[in-house]
Amino acid sequence: MNKGATSPSGKGNSFQTHFVDIHEVLPEEEEEDEGVIKTEEKVTKKGLHKPIKLKELKRPQRSFSRQVSLETGFSVLDRESKAKDERKILRRSGRSFGGFDSTNRIGGEAARKGDFNIFRTKSTLSKQNSLLPTRKEMEPKRTDHGANDLDESINKSVPAGRYFAALRGPELDEVKDYEDILLPKDELWPFLLRFPIGCFGICLGLSSQAVLWRALSTSPATKFLHITPLINLFLWIIALAALVSVSITYMLKCIYYFEAVKREYFHPVRVNFFFAPWVVCMFLAIGVPPMLAPEKLHPAIWCAFMGPYFFLELKIYGQWLSGGKRRLCKVANPSSHLSVVGNFVGAILAAKVGWIEPAKFLWSVGFAHYLVVFVTLYQRLPTSEALPKELHPVYSMFIAAPSAASIAWGSIYGEFDGCARTCFFIALFLYVSLVVRINFFTGFRFSVAWWSYTFPMTTASVATIKYAEAAPSVFSKTLALSLSFMSSTMVALLFVSTLLHAFFWQTLFPNDLAIAITARRLVREKKPFKKAYDIKRWTKQALMKNNSGDKEHHENDEVTY
């Protein structure tokens, strides 16, 4: 450290400021800037001979960038202001977290490997963290800030309100422009990270079609069509193959990227798709071809499929009822009907295996929660931010629950009576109210989640067939055939679109940005410590007092002269 003192010349100038030059140990990258620093010091020393004015105090003093005042003991570093300016705009590249980018990894590992490993299971992540340098070996400022942000964004559960604040779109799958993400956006992620839980919607559409064509081939209302049961068998095999493939793929995601699965579970929209695998299994059990299974199934099938669904239902309904950040008015969205429809599908399967009382129990629970969800969504509460202004096929979820409720009531009591017809008429009205606004369903990009919007149409078609059996007429039969044709056409179009996007255009699984948001918004800069403000204020006051005393001394000298 080189010590130096400078005193301004003049008889009447009693204000003296002593400065000590502090030279940091420059690394190899900063040796080239040493000449620039020396030039700044010369300019600073020359500027000390000039009197300090009040106007200059208001400006950012760059001359204090490398010096410390012995009287005030305060130093203004340029790197603080530069770091503050750099954090105002985030690049959404997944590399804005200090200490975890490619420059701080051993051996210069690629950013792709390190960034994607943060979503692996904790056992794998702990092994990888043992290879990383300790915090003492890294830069304290940058490493601590980045590590804390990363730990909070990965290990801590993301609140439901954070998803609404950071994401947009009907399925909350698009990141807003001012938000940052944990993974690189400009690179293609691993396939398992891009495989969403919404892929079970494909299985929902295909399995419900198997139920529909079984009803068309066995119902007395459509007996005149002479539909072969082979169509039911073909669709049932395709649905079973889709369920097996999607389940195996998602199980691999649970094994290798369990942190990403946790993100999807906390997502207010995607959490409802965790009910989908069990609903698909129950659809397959209901629509099994008569040539493969007897008319009355074993009750163990119902227990195996309804058990996991019921425990998950207790968890979700408990969050809706007990309040908190995941209460129903906060997380309600049209996909919430998925957690309600399973009760009616389970009631249909319970009646099919001969357990009437459990079927009545499930029907009661499902209908009670359907009324609550329906009223919450229909009122368009300000807190229900998941509903977008524009219409979308997601609104077809409204017709799924009453249609399934009417079918379940008819299966439990053996006839399509007044209560079943009431639920059917509610579903029919909602169906018509959506069909007349078909223009609002255009202009949206294709996604896998669209498959989950086909089974409500199919469920409404099956309910119409049951109604045609109870009230046979030309109108009822025509309505049943029309709705069945519409649902089958929609499934066929989505099936062709899925094949084109998967194999021809290869755009079926883009980067799943919704799971890569941070646990809290990192755009705004945190306020510095209060001590820093106190030191700055004390420094300015000391300089202003000395400057005012200097001016008074000059005025007294002039009067005396």
Side-chain angles (χ1 to χ4, degrees), residues 86-98 100-101 115-116 118-119 145-189 193-198 253 257-274 316 319 324-336 380-390 392 394 444-445 447-449 509-526:
E86 290 177 357
R87 284 192 291 267
K88 288 181 180 179
I89 301 176
L90 298 177
R91 295 175 294 175
R92 295 184 61 192
S93 61
R95 301 191 184 96
S96 58
F97 299 92
F100 284 87
D101 53 359
D115 289 336
F116 297 139
I118 62 178
F119 279 101
H145 178 72
N148 293 334
D149 292 339
L150 195 66
D151 292 341
E152 184 180 357
S153 299
I154 296 298
N155 299 329
K156 189 177 180 181
S157 62
V158 182
R162 176 61 187 153
Y163 288 98
F164 292 129
L167 303 174
R168 58 184 174 88
E171 294 91 13
L172 291 181
D173 56 349
E174 302 176 9
V175 182
K176 294 182 180 179
D177 297 333
Y178 54 81
E179 291 290 340
D180 194 16
I181 58 176
L182 297 172
L183 299 180
K185 185 183 178 183
D186 54 349
E187 298 180 13
L188 188 64
W189 301 357
L193 274 180
R194 293 182 286 114
F195 192 82
I197 186 68
K253 183 177 181 179
Y257 295 100
F258 187 71
E259 298 297 328
V261 175
K262 288 172 58 178
R263 286 297 186 95
E264 288 190 304
Y265 177 77
F266 292 124
H267 196 283
V269 175
R270 298 190 183 185
V271 65
N272 301 289
F273 285 92
F274 283 89
I316 301 301
Q319 294 177 353
K325 296 181 180 179
R326 297 184 183 274
R327 60 186 182 273
L328 183 60
C329 63
K330 278 286 187 180
V331 300
N333 57 86
S335 63
S336 300
R380 301 291 296 269
L381 295 177
T383 54
S384 182
E385 303 178 27
L387 285 174
K389 294 181 180 179
E390 68 275 3
H392 193 269
V394 71
F444 298 94
R445 63 180 180 85
S447 64
V448 179
F509 300 108
N511 291 341
D512 193 5
L513 304 179
I515 64 172
I517 64 172
T518 56
R520 60 182 180 86
R521 188 176 176 183
L522 302 176
V523 177
R524 295 181 179 178
E525 172 73 11
K526 284 186 175 181

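Throughout, residue positions are numbered sequentially from 1 according to the sequence presented.
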**Request:** Might you work through the salt bridge (charged side-chain N to carboxylate O under 4.0 Å, His left out) test for Arg168 and Glu179, ending with a clear yes or no?
**Result:** CA-CA 11 Å; Arg168 58 184 174 88; Glu179 291 290 340; over 6 Å; no
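Side-chain atoms of Lys253 come within 3.5 Å of backbone N or O of Phe195 as a donor-acceptor pair. A donor-acceptor pair is defined here as one N or O able to donate and one able to accept, closer than 3.5 Å; such a pair exists between the side chain of His267 and the backbone of Leu172. Looking at Arg263, its side chain does come within 3.5 Å of a backbone N or O of Ile517 through a donor-acceptor pair. Panel note: side chain Asn333, backbone Val331; a donor-acceptor pair is recorded below 3.5 Å.
Of all heavy-atom pairs spanning Pro196 and Phe509, the tightest one is CD-CD2, 3.9 Å. When every heavy atom of Ile316 is checked against every heavy atom of Val271, the shortest pair comes out as CD1-CG2, 3.7 Å. Across all non-hydrogen atoms, the minimal contact from Ala165 to Tyr178 is O-OH, 3.6 Å. Taking each heavy atom of Val448 and Gly198 in turn, the nearest pair found is CG1-O, 3.7 Å.
The CD1 atom of Ile515 sits 5.5 Å away from the CH2 atom of Trp189 when rounded to the nearest 0.5 Å. For the atom pair CG of Asp512 and CD1 of Ile197, the computed distance is 11.0 Å after rounding to the nearest 0.5 Å. Remark: Ile118 CD1 to Glu259 CD distance equals 9.5 Å, nearest 0.5 Å.
With contacts defined as side-chain heavy-atom distances shorter than 4.5 Å, the pair Leu513/Leu167 does not qualify. Two residues are said to be in side-chain contact when any heavy atoms from C-beta on lie closer than 4.5 Å; Phe266 and Pro159 fail this criterion. By the 4.5 Å heavy-atom criterion applied to side chains, Arg194 and Asn511 are counted as neighbours. Side-chain contact between Phe119 and Leu182: present, with at least one pair of heavy atoms (C-beta onward) separated by less than 4.5 Å.
Relative orientation of the Phe274 and Tyr265 rings is perpendicular, given thresholds of 30° and 60° on the angle between their planes.
Between the side chains of Ser335 and Arg270, no donor-acceptor pair is found at a separation under 3.5 Å.
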